[in-house]
Amino acid sequence: MINTLKRIVDEMTRQPVLEKALARVAHLTKDAMKTECCSIYLADEENKHYLLMATDGLSPAAVGSVAIGFNEGLVGLVGQKEEPVNVANAHAHPRFLVTPQVLEDGYNSFLGAPIIHQRQVVGVISVQHSRHEVFDENQVAFLVTLATQLGSAVAHAEAREALNRTESPELKKRARAMRGVAGSTGIALGTAFAIQPHITFSSIVPRRTRNVGREIVRFKQAVKKTQIELKELSVKMTTILPSDTSAIFDVYHHMLNDDLLGDRVQQQIHNGWSCATSLKIVIEELCAELGQMEDSYIRERITDIRDIGQRVLTNLVKKEMQKRPMPDDLVLVAEEVTASMLAEIPREKLRGICSMRGSNNSHAAILARALGIPAVMGLEDLPMNNIDGRSTILDGYSGLVYFNPDPVVIKEYRQLLMEEQELEDLVKTVADEAARTKDGEPLSLSINTGLAADFEVVRGIHADGVGLYRTEIPFMMRSCFPSEQEQYDLYAKALDAYPGKSVLMRTLDVGGDKPLPYFPIEEDNPFLGWRGIRMTLDHPEILLVQVRAMLRANIGRGNLKILLPMITSVQEVADCMRLIQQAHHELEEELKCDVPWPPIGAMLEVPAAIYQIGLLSQMVDFFSVGSNDLTQYLLAVDRNNPKVASLYDCYHPGVLEALGFIAQQCKRFKVPVSVCGEMAGEPIGLLLLVAMGYRSFSMSAQNLLKAKWVLKSVTLDEVEYLKNQIRELACPEQIKKMVTQKLEDLGMGGFIRAGK
Ligand code: PEP
Ligand code: MG
């Protein structure tokens, strides 16, 4: 059953044209379920009906013309109930809708299952039979399982289609926005620049070409490159593999020869298809032909054909990507945005970031916020290879992205961009003031950093130092661990940027969604795994070098504080202290001078740690609350997973309760505490944290001015009143609404523009 299901779903992603893909699925499903008819309807939200898109069993003429209202017929009933409907005699059912065009008189039983994607019914798949019997349990289970898998395949295919449609000017106005997760606020208007680490045939959207000659040259170059690579590989492999195994490379060479692949691809190019599309068509055809063969050895060659095709395709696309110039208004589109990718793009060109993976508190989103670049994350259905060069609007407030938007949408967003600019000009007026509330309560605002670029952003703005230096960011941009001297140079620069003010350097916090390219960690649950201090305690050589570099950089400067990430137990702190003492002692011996001993603090981000504040406070000098991880661990919601993004919410009453508890405990045990998670830089979060008693915050440089403005607009009494008001509220939405109302009353509604 699993294989049949997989084959059907694969067909859906493989076929370039949606209608054809659905027709194949209907045909294969009918066969697999040994029934007489299978049909697929897709929801048309605008017209509120299901359109018959494919059928094997009803009249082919009805495809594309028969539409069943959301509240009509058995198909509509499946959509309304969001569950399967299984009836023995459809004609006798009160919801049966007579649709003469489909010619279904001969069928009696009906089974329909909803196709759902992200909580929305996107279609219905049905099977019918002439017998007067309900479908059996196994058949229901099969159809329901298939429908669940079709959900994202349909959404993916529709997204591809939507993009294709926008190529025709008269249909441009139907261009739909794609929804992801808001990652970094702001609006970007620009040109999509797609970086594809790995392109697959399923993501190729068919394209026509007029330049046959150029496409043939491109194909030949890619084949040549592939041949060279294979030769190199084959030489390498002969030393490792037995000769009969490495003979596979001869087979590959043969496959690349003109008569098997080359001629057929060139024929497709002459038919008007682009090079990549032609290759896709030929590979699919070859696999289908081989799949029909009796001989199992020949059938096995399908894998080889796919592999060889994939290699040629990669070379084809890689070449294209390398020689492209970057647009001046670049919106970066990538499967997964990394720090090194961002480092390669000149800051003045980068307008927005669009990532297929990740969510609102992934580290890529945090980097985007640090740079002040609007970002949308988790656009899982994005057809990557059809995006490049398109005019793009990215809305980092609502998580919407428009490709090839129509002029009305562009005009609307230009207006919003202007309003944003006005807001920025307004908050700049408080740049050199120290932070305090309207009634004069002083507050400390520091910056979160890790990129040298952050220091640029902050120049000319009064900040109280660095509240979180994410040292892993420079580590992530390299190809091996930096030496002690390299780290020393980096840390000295950071300490020099804030003379006389504290710079909290966090020891390496890799793992989770922050892998080092040269230190791969493979785990099933990375956020619950070998992260932060757990990894560095297991590798004291890494921690010792880092601490030595920090301590050395602090000589003659004296503004270093060391922060320990992911602390879960008292023992971990004790082990860290021992290692820091060792590094300190070694340095004093080597340098023959006094090395200042810095204040050492622990992050409070693992729930267990907040119940040990009493004990921990005897060992450390300060705490810093990592509300990003604390939220993830308290709510059991992966901060990097867009599927649960709507559940990740630091305004959940449970999280707020924990934050209030931390503030009380730190006061009780007289340990300084600050908040360096993202909520400290959000107007809503800031007001609530002040109300809980926090007075020290660290945030991205971009949020600092807005934060100052918000604070100087409220009094402590007002935030206290707000805290009492939200006490009884049970859900995050109500809490956010109430604080937003307060901000609007104070004239700061524009600071938290609601999603469109
Ligand atoms: C946090 O978890 O809140 C935090 C500041 O650290 P990071 O986001 O780097 O995990
Ligand atoms: Mg953290």
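Both ligands and their constituent atoms are indexed starting at 1 by order of listing.
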When the aromatic ring centroids of His539 and Phe519 are compared, is their separation below 6.0 Å?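 Yes, close enough.
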
Are the aromatic ring centres of Tyr611 and Phe661 under 6.0 angstrom apart?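 Yes, they do, as the ring centres are separated by less than 6.0 Å.
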
Which N, O or S atom of Asp629 lies nearest to the Mg ion (ligand 2), by name: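 When I compare the N, O and S atoms of Asp629, OD2 is nearest to the Mg ion (ligand 2).
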
N/O/S atom name from Glu605 that is nearest to the position of the Mg ion (ligand 2):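 Closest N, O or S atom of Glu605 to the Mg ion (ligand 2): OE1.
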
Per-residue contact class, Leu630 against ligand 1 - non-hydrogen pairs under 4.0 Å: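 For Leu630, there is no contact with ligand 1 at all, from either part.
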
Tell me the contacting part of Asn448 for ligand 1: side chain, backbone, both, or neither, using a 4.0 Å heavy-atom threshold, strictly below.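 Asn448 to ligand 1: no contact under 4.0 Å from either part.
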
Please could you name the atoms of ligand 1 that [X] approaches to less than 4.0 Å, counting only its heavy atoms?
{"X": "Lys514", "result": "9 (O)"}
{"X": "Gly626", "result": "1 (C), 2 (O), 3 (O)"}
{"X": "Arg639", "result": "2 (O), 7 (P), 8 (O), 10 (O)"}

Tell me whether the NZ or CZ atom of Arg552 lies within the 45° cone about the ring axis of Tyr488 and under 6.0 Å from its centre.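 Yes, a cation-pi geometry.
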
Considering the options Leu468, Val466, Ile447, which one meets the side chain to side chain contact (heavy atoms under 4.5 Å, CB included) requirement together with Cys676?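 Going through Leu468, Val466, Ile447 one by one, the side chain to side chain contact (heavy atoms under 4.5 Å, CB included) with Cys676 is satisfied by Leu468 alone.
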
Do any of the N/O/S atoms of Asp509, backbone or side chain, fall under 2.8 Å from the Mg ion (ligand 2)? no

Could you name the option among Leu604, Asn361, Ile473, Asp629 that has the heavy atom nearest to atom 10 (O) of ligand 1?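 The nearest heavy atom belongs to Asp629.
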
Ignoring hydrogens and geometry, is there a side-chain-to-backbone donor-acceptor pair from Asp432 to His462 under 3.5 Å?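 Not at all, since once roles are kept as given, no pair shorter than 3.5 Å links the two residues.
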
